[in-house]
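Working notes, structure below.
FYI, side chains are in, hydrogens and waters are out, and symmetry mates aren't considered; it's all heavy atoms of this structure. Numbers restart at 1 for each chain; the letters A, B, ... are given by sequence-line order, proteins then strands.
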Protein chains: 2
Amino acid sequence: MADSSSSRWNMLKSACPTREILDRIADKWTMLVILSLGEETLRFTQLRARIEGVSQKMLTQTLRGMESDGLILRTVYPTVPVTVEYSLTPLGHSLARTVDVVREWAYGHIGEILLARQEYNDRETPRVGIG
Amino acid sequence: MADSSSSRWNMLKSACPTREILDRIADKWTMLVILSLGEETLRFTQLRARIEGVSQKMLTQTLRGMESDGLILRTVYPTVPVTVEYSLTPLGHSLARTVDVVREWAYGHIGEILLARQEYNDRETPRVGIG
DNA sequence: CTGAATCCGAATCGATACTG
DNA sequence: CAGTATCGATTCGGATTCAG
């Protein structure tokens with residue numbers, strides 16, 4: 001447990017704390033969890049269904065990290081079987097609004113990016129065959 | 001070369017292209033490059049110096065991906081030795097403005113996050129010893 | 001200076017089995 | 001349902017070496 005000893009960069013990180021935060025939220029699953037919970041409170045399984053592609057392990061891991069950063073709230077209801085709800089804290093909500101800007105940017109520029117990608121690949125294909 | 005065959009999720013990705021874009025920019029180095037180039041055009045070595053902690057390999061890799069997505073422009077000047085400048089395309093600049101919002105959020109909430117992290121760790125320490 | 005290529009240990013991640 | 005624990009496969013990423 002607690003393997004946050006990333007060998008070096010500790011000095012760098014403490015000198016520039018923004019970097020550490022950025023490293024944390026510039027994460028695929030974190031962003032997707034933030035976006036999902038930004039819409040509504042969800043249970044573990046629901047969350048996992050929303051973020052198709054995430055494994056149980058990764059989701060758990062991501063949720064723990066986010067909880068420790070005060071971004072989400074984990075509420076356990078002592079039912080049988082147990083019910084666990086995840087929701088955003090006020091801090092998490094403010095991040096959600098921010099990340100949503102990124103999401104909207106992505107949505108608005110898919111075309112451009114896919115086109116650029118295609119052109120890049122065409123350029124790369126060097127002319128096989130007769131030359 | 002070109003190993004973009006991520007086995008599964010291809011169906012998912014084509015059904016939800018935003019996800020693919022998000023996966024790409026929700027990346028530590030990509031964000032830092034965007035932020036760095038958002039301020040000014042930089043050469044390879046300058047860029048590497050700005051983003052302390054990135055290896056030559058990762059930086060090259062990140063830059064290639066961003067170039068293929070049409071986010072940055074790579075300009076080679078045939079000097080001796082060769083000079084290569086990286087700058088943002090208009091698309092890259094628009095992303096830079098977006099990512100900057102995230103950076104500002106991070107900067108403005110470092111305190112809250114670090115505090116939450118500390119509280120979380122205190123809660124976790126269970127009381128070793130006598131119980 | 002810029003970068004490609006290789007080697008190789010470290011970290012990530014998924015699948016599986018098991019618990020309360 | 002909501003996890004924890006473990007293991008093997010894959011990927012990541014740094015150090016090094018070499019080239020234009």
Side-chain angles (χ1 to χ4, degrees), chain A residues 1-10 12-13 23-24 26-33 36-37 41-68 72-87 120 124 126, chain B residues 1-10 12 23-24 26-33 36-37 41-68 72-87 124 126:
Chain A
M1 330 97 188
D3 61 292
S4 355
S5 60
S6 308
S7 57
R8 74 218 79 173
W9 318 135
N10 286 330
L12 193 150
K13 278 181 176 175
D23 286 358
R24 186 65 82 92
D27 172 69
K28 193 163 77 164
W29 303 131
T30 300
M31 280 199 164
L32 292 172
V33 168
S36 298
L37 293 182
T41 294
L42 292 172
R43 296 175 58 182
F44 187 85
T45 306
Q46 296 176 314
L47 203 44
R48 191 175 172 188
R50 282 230 178 177
I51 309 178
E52 254 168 313
V54 69
S55 68
Q56 168 271 329
K57 181 183 177 178
M58 281 302 98
L59 183 55
T60 299
Q61 196 171 298
T62 302
L63 289 170
R64 290 292 169 277
M66 295 174 69
E67 193 192 353
S68 93
I72 63 175
L73 190 65
R74 178 176 181 270
T75 311
V76 182
Y77 299 97
T79 56
V80 174
V82 71
T83 300
V84 181
E85 274 188 0
Y86 291 95
S87 57
Y120 186 85
E124 285 311 279
Chain B
M1 329 102 188
D3 60 292
S4 354
S5 60
S6 308
S7 58
R8 72 216 82 173
W9 319 134
N10 286 329
L12 193 151
D23 286 358
R24 186 64 83 91
D27 171 70
K28 193 164 77 165
W29 302 131
T30 299
M31 280 199 165
L32 292 172
V33 167
S36 298
L37 292 183
T41 294
L42 292 171
R43 297 175 58 183
F44 186 84
T45 305
Q46 296 175 316
L47 202 45
R48 192 176 171 187
R50 283 232 178 174
I51 309 177
E52 255 169 311
V54 69
S55 69
Q56 172 268 323
K57 182 182 177 178
M58 282 302 100
L59 183 54
T60 299
Q61 196 171 298
T62 302
L63 289 171
R64 290 293 167 277
M66 296 175 68
E67 194 193 351
S68 93
I72 62 175
L73 190 65
R74 180 176 180 269
T75 311
V76 182
Y77 298 96
T79 56
V80 175
V82 70
T83 300
V84 181
E85 274 190 359
Y86 292 95
S87 57
E124 284 313 277

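- B:Y77 comes within 4.0 angstrom of no nucleic acid atom, judged by non-hydrogen atoms across all strands.
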Side chain to side chain contact (heavy atoms under 4.5 Å, CB included), that's the test. Do B:L32 and B:V54 meet it? Break it down for me. CA-CA 10 Å; B:L32 292 172; B:V54 69; over 6 Å; no
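- By the side-chain hydrogen bond (donor to acceptor under 3.5 Å, both in side chains) test, B:S68 is found to be paired with no residue, residues two or more places apart in sequence or in another chain being considered.
- Among the heavy atoms of the strands, none lies under 4.0 Å from A:R48.
- As a whole-Å value, the separation of B:E85 CD from C:dC1 P is 15 Å.
- Checking A:K57 against A:P81, the closest nucleotide of DNA chain C that is more toward the 5' end is the one next to A:K57.
- With sequence neighbours left out, A:S87 forms a side-chain hydrogen bond (donor to acceptor under 3.5 Å, both in side chains) with no residue at all.
- Residues forming a side-chain hydrogen bond (donor to acceptor under 3.5 Å, both in side chains) with B:T75 (at least two apart in sequence, or on another chain): none.
- Atom-to-atom, CZ of A:F44 to P of C:dT19 comes out at 19 Å; the value is rounded to the nearest Å.
- Comparing the axis of the opening five pairs of the helix from C:dC1-D:dG20 to C:dG20-D:dC1 with that of the closing five pairs yields an angle of 40°, rounded to 10°.
- Rounding to the nearest 0.5 angstrom, the gap separating the OH atom in A:Y86 from the CG atom in A:L73 is 10.5 Å.
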Review item, side-chain donor-acceptor pairs of residues 57-67 of chain A, under 3.5 Å, at least two apart:
from: A:T60; atom 1: OG1; to: A:Q56; atom 2: O; distance (Å): 2.9
from: A:T60; atom 1: OG1; to: A:Q56; atom 2: NE2; distance (Å): 3.4
from: A:T62; atom 1: OG1; to: A:M58; atom 2: O; distance (Å): 2.7

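- At C:dG3, one or more side-chain N or O atoms of B:Y86 fall inside 4.0 Å of OP1 or OP2 (strictly under the cut-off).
- Base contact: B:V82 has a heavy atom under 4.0 Å from a base atom.
- Taken from CG in B:L42 to CZ in B:R48, the straight-line distance is 14.5 Å, to the nearest 0.5 Å.
- Between the CD atom of A:Q46 and the C1' atom of D:dC1 there is a distance of 11 Å, rounded to whole Å.
- In the region residues 58-67 of chain B, proximity to DNA chain C at under 4.0 angstrom, judged on heavy atoms, holds for B:T60, B:R64.
- Residue A:Q56 contributes atom CD, which lies 15 Å from atom C1' of D:dC7 at whole-angstrom precision.
- Partners of B:R24 according to the salt bridge (charged side-chain N to carboxylate O under 4.0 Å, His left out) rule, which considers only residues two or more places apart in sequence or in another chain, are B:D69.
- For B:V76, the side chain to side chain contact (heavy atoms under 4.5 Å, CB included) partners are B:R74, B:V82, B:V84, not counting sequence neighbours.
- Distances shorter than 4.0 Å separate some side-chain N or O of A:R43 from OP1 or OP2 on D:dA2.
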